[in-house]
Visitor: 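Submitted below is the structure of interest, expressed as structure tokens.
Bear in mind the structure is a predicted one, so any value in this text is a computation, not a measurement.
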Amino acid sequence: MTKVMLGSVYDAFRAANVPDDKARAASEDIAGYDTELKEMRRAIDAIRAEVSLVKWMVGAMLAMVIAIAVRLFVGV
């Protein structure tokens, strides 16, 4: 598995005199959280798209039910 590291975070840790191994591990962990956050955002966007589709479907079904009810009870 390839580990990704944020260079700017690593450099900041090194400038703060954090030992090399700890700076590298911390920057790799932060990069991992960034990747997970991007994956969560993609999943949330997919859920939003599905919810939008369901809203349209419910709206269309409601319009049909109202049209049928009007036809039955008003007798047009």
Visitor: Nearest 0.5 Å please: distance from the CZ atom of R48 over to the CD1 atom of I44.
Guide: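 Between R48 CZ and I44 CD1, I get 6.5 Å after rounding to 0.5 Å.
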Visitor: Determine whether V58 and I68 fall in the same hydrophobic cluster, where Ile, Leu, Val, Met, Phe, Trp and Tyr are linked whenever their side-chain heavy atoms lie under 4.5 Å apart.
Guide: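 V58 and I68: separate clusters.
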Visitor: Measure the CG-CD distance between D45 and E50 for me, rounded to the nearest 0.5 Å.
Guide: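 Atom-to-atom, D45:CG and E50:CD are 11.5 Å apart.
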Visitor: If every non-hydrogen atom of P19 is compared with every non-hydrogen atom of R14, which pair is closest and at what distance?
Guide: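 In this case the closest contact between P19 and R14 is C-NH1, 3.6 Å.
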Visitor: Is M61 reachable from V70 through a run of I, L, V, M, F, W or Y residues, each pair having side-chain heavy atoms under 4.5 Å apart?
Guide: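 Not linked; separate clusters.
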